[in-house]
Novice: 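Pasting in a structure now, in structure tokens, and then I'll have a few things to ask.
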Amino acid sequence: SFPWHWGAKAGNLWRTTHDIMPFWKSVYMIYLRNIGLYKYAKPGAWNDPDMLEVGNGKLTYDQNVSHFSLWCMMNSPLILGNDLRSMSEGVKKIITNKNLIAINQDALAMQAKRVKRGAIDVLAKPLADGGTAICFFNKTSHSAGISYNLNKLCSDDYVSLKAASSYALCDQWTGETLNTNGKLKLKLKKYQCKVYIIK
């Protein structure tokens, strides 16, 4: 029924996928479906790829971080699906990451666009303060590397990164800062996400 075509006229959010399950294949397949619908999201109208399974089943630490990161980048409603009475400190730290929640709740309300597809997907999300959130997601079951030039985002009409001779990237999970002229080389563990704010 493609509710993203008419959902904004009927309410504030619409399910875009089948029900999520507490295992990685389900999270991954739902991501693949939802990421392409970025043009339909706007303030007060959201693509909903179902609740979070962070802390459920046998998801690894990196899978939990990636699940939360991707849902935040996609402006998904952050509805917890885990048992709050028995969650570990590690799970609590993931779902209370203020940096990622701020990306999810950003006032510009633009869902991330997948700007590069491959073993490592690259997602970019314009932010209200003129910054850009960028996410590198290793979809594979082994470690992988990527070379990416941020200057490509300057010519993307949706992202509209402001061209600069140098960029500072702040890691939203570790707080570390990378400085680059635009060319990036990253290595990610299996199923890992890295999320940065480009300033």
Side-chain angles (χ1 to χ4, degrees), residues 3-4 7-8 10-114 121-129 131-139 170-175 191-197:
W4 44 91
N12 294 115
L13 64 155
W14 48 86
R15 283 285 303 280
T16 56
T17 67
H18 55 271
D19 291 351
I20 197 168
M21 301 291 287
F23 51 86
W24 181 245
K25 185 177 180 181
S26 174
V27 173
Y28 175 62
M29 295 303 291
I30 285 176
Y31 156 76
L32 291 180
R33 169 77 174 231
N34 199 69
I35 191 62
L37 302 175
Y38 67 95
K39 288 182 179 178
Y40 298 101
K42 59 185 179 182
W46 317 107
N47 293 307
D48 178 9
D50 208 4
M51 66 183 183
L52 292 161
E53 293 286 1
V54 176
N56 289 342
K58 295 181 180 179
L59 296 176
T60 66
Y61 172 78
D62 284 319
Q63 288 172 342
N64 279 320
V65 167
S66 290
H67 180 13
F68 193 71
S69 298
L70 295 170
W71 262 233
C72 287
M73 290 291 292
M74 295 190 296
N75 286 4
S76 310
L78 301 180
I79 302 169
L80 300 179
N82 61 313
D83 190 336
L84 303 183
R85 301 167 299 176
S86 58
M87 66 176 166
S88 67
E89 281 301 312
V91 168
K92 182 180 177 182
K93 195 170 181 181
I94 293 170
I95 62 175
T96 58
N97 181 312
K98 292 181 179 179
N99 297 330
L100 271 295
I101 293 170
I103 290 172
N104 176 264
Q105 300 287 304
D106 184 72
L108 195 58
M110 292 176 70
Q111 180 174 320
K113 174 186 177 182
R114 179 163 56 178
D121 278 356
V122 183
L123 316 179
K125 183 182 190 305
L127 301 173
D129 66 359
T132 303
I134 189 166
C135 173
F136 298 87
F137 170 40
N138 182 5
K139 299 183 295 188
C170 182
D171 188 315
Q172 299 300 287
W173 284 102
T174 68
Y191 307 128
Q192 184 182 18
C193 263
K194 289 180 180 281
V195 181
Y196 300 92
I197 298 288

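None of these values were measured; they are calculated from a predicted model.
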Novice: Going by the ring-ring contact (aromatic ring centres under 6.0 Å, His included) test, which pairs reach into residues 73-101, not counting sequence neighbours?
Specialist: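 Sorted result for residues 73-101: empty, none.
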Novice: Measure the NZ-CD distance between K139 and Q192 for me, rounded to the nearest 0.5 Å.
Specialist: 16.0 Å
Novice: Rounded to the nearest 0.5 Å, how far apart are OH of Y191 and OH of Y28?
Specialist: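 Y191 atom OH to Y28 atom OH measures 9.5 Å (nearest 0.5 Å).
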Novice: More than 12 heavy atoms of other residues, nucleotides or ligands under 6.0 Å from CE of M21: yes or no?
Specialist: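 Incorrect, the count does not exceed 12.
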Novice: side-chain contact (heavy atoms from CB on, under 4.5 Å) between V122 and C135: does it pass, once the steps are laid out?
Specialist: CA-CA 6 Å; V122 183; C135 173; over 6 Å; no
Novice: I134 vs V195, test: side-chain contact (heavy atoms from CB on, under 4.5 Å). Steps then yes/no.
Specialist: CA-CA 6 Å; I134 189 166; V195 181; over 6 Å; no
Novice: Of the non-hydrogen atoms in P43 and L108, which two are nearest, and what is the gap between them?
Specialist: CG-O, 4.3 Å
Novice: Of all residues at least two apart in sequence or in a different chain, which pass the side chain to side chain donor-acceptor pair (under 3.5 Å) check with K125?
Specialist: N75
Novice: Which pairs would a plain distance check flag for residues 53-60, meaning a side-chain donor or acceptor within less than 3.5 Å of a matching protein atom at least two apart in sequence or in another chain?
Specialist:
{"from": "E53", "atom 1": "OE1", "to": "N56", "atom 2": "ND2", "distance (Å)": "2.6"}
{"from": "N56", "atom 1": "ND2", "to": "G81", "atom 2": "O", "distance (Å)": "3.1"}
{"from": "T60", "atom 1": "OG1", "to": "Q63", "atom 2": "N", "distance (Å)": "3.2"}

Novice: Taking only residues two or more places apart in sequence or in another chain, which ones pass side chain to side chain contact (heavy atoms under 4.5 Å, CB included) with T132?
Specialist: A124, V159, L161, I198
Novice: Can you see which heavy atom on C170 is nearest to which on G175, and at what distance?
Specialist: SG-O, 4.1 Å
Novice: Hey, are the side chains of M73 and I103 touching, using non-hydrogen atoms and a 4.5 Å cut-off?
Specialist: yes
Novice: With heavy-atom distances below 4.5 Å as the criterion, would you say the side chains of N82 and L52 are in contact?
Specialist: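 In short, these two side chains do not touch, never coming nearer than 4.5 Å.
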Novice: Roughly how far, to the nearest 0.5 Å, is the NZ atom of K194 from the CG atom of N138?
Specialist: 10.5 Å
Novice: Could you check if a side-chain atom of S66 sits within less than 4.5 angstrom of a side-chain atom of F137, using non-hydrogen atoms only?
Specialist: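 Answer yes - side chains close enough.
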Novice: Taking D50 for the side chain and D19 for the main chain, is one N or O donor matched with an acceptor at less than 3.5 Å?
Specialist: no
Novice: Quick one: which residue pairs count as a salt bridge (Lys or Arg N to Asp or Glu O under 4.0 Å) with a foot in residues 60-78, not counting sequence neighbours?
Specialist: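 Found D62-K189.
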Novice: Would you mind listing every side chain to side chain donor-acceptor pair (under 3.5 Å) that reaches into residues 87-101, with sequence neighbours excluded?
Specialist: none
Novice: Please lay out, stage by stage, how L100 and I94 fare under the test side-chain contact (heavy atoms from CB on, under 4.5 Å).
Specialist: CA-CA 9 Å; L100 271 295; I94 293 170; over 6 Å; no
Novice: Go through the structure and list residues passing side chain to side chain donor-acceptor pair (under 3.5 Å) with W173, not counting sequence neighbours.
Specialist: S69
Novice: Output all residues satisfying side chain to side chain donor-acceptor pair (under 3.5 Å) with Q172, sequence neighbours left out; order by chain, then residue number.
Specialist: none
Novice: Under the rule for side chain to side chain donor-acceptor pair (under 3.5 Å), what residues qualify as partners of W14, not counting sequence neighbours?
Specialist: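 Partners of W14 by the side chain to side chain donor-acceptor pair (under 3.5 Å) criterion, ordered by chain and then number, come out as N47.
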Novice: List the steps and the verdict of side-chain contact (heavy atoms from CB on, under 4.5 Å) for F68 and L78.
Specialist: CA-CA 8 Å; F68 193 71; L78 301 180; 4.3 Å; yes
Novice: Less than 3.5 Å apart, which donor and acceptor atoms pair up between the side chains of residues 29-41 and the rest of the protein, not counting sequence neighbours?
Specialist:
{"from": "Y31", "atom 1": "OH", "to": "D121", "atom 2": "OD2", "distance (Å)": "2.7"}
{"from": "R33", "atom 1": "NE", "to": "T16", "atom 2": "O", "distance (Å)": "3.3"}
{"from": "N34", "atom 1": "OD1", "to": "T16", "atom 2": "OG1", "distance (Å)": "2.7"}

Novice: Would you say the side-chain atoms of S76 pair up with the backbone N or O of D48, donor to acceptor, closer than 3.5 Å?
Specialist: no
Novice: What's the spacing between I95 CD1 and C72 SG if we round to 0.5 Å?
Specialist: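 One gets 11.0 Å once the value is rounded to the nearest 0.5 Å.
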Novice: When you compare the side chain of R15 with that of T17, does any pair of heavy atoms fall below 4.5 Å?
Specialist: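 In short, these two side chains touch, coming nearer than 4.5 Å.
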Novice: Listing request: all ring-ring contact (aromatic ring centres under 6.0 Å, His included) pairs with a residue in residues 69-95, at least two apart in sequence or in separate chains.
Specialist: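 Listed by first then second residue: H67-W71.
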Novice: Just wondering, more than 12 heavy atoms not from Y61 lying within 6.0 Å of its OH?
Specialist: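 Not more than 12 within 6.0 Å, no.
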Novice: Indicate the atoms forming the closest heavy-atom contact of A133 with I197, along with that distance.
Specialist: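 Answer, listing the atom of A133 first, then I197: CB-CD1, 3.9 Å.
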Novice: D171: which residues meet the salt bridge (charged side-chain N to carboxylate O under 4.0 Å, His left out) condition with it, sequence neighbours left out?
Specialist: none
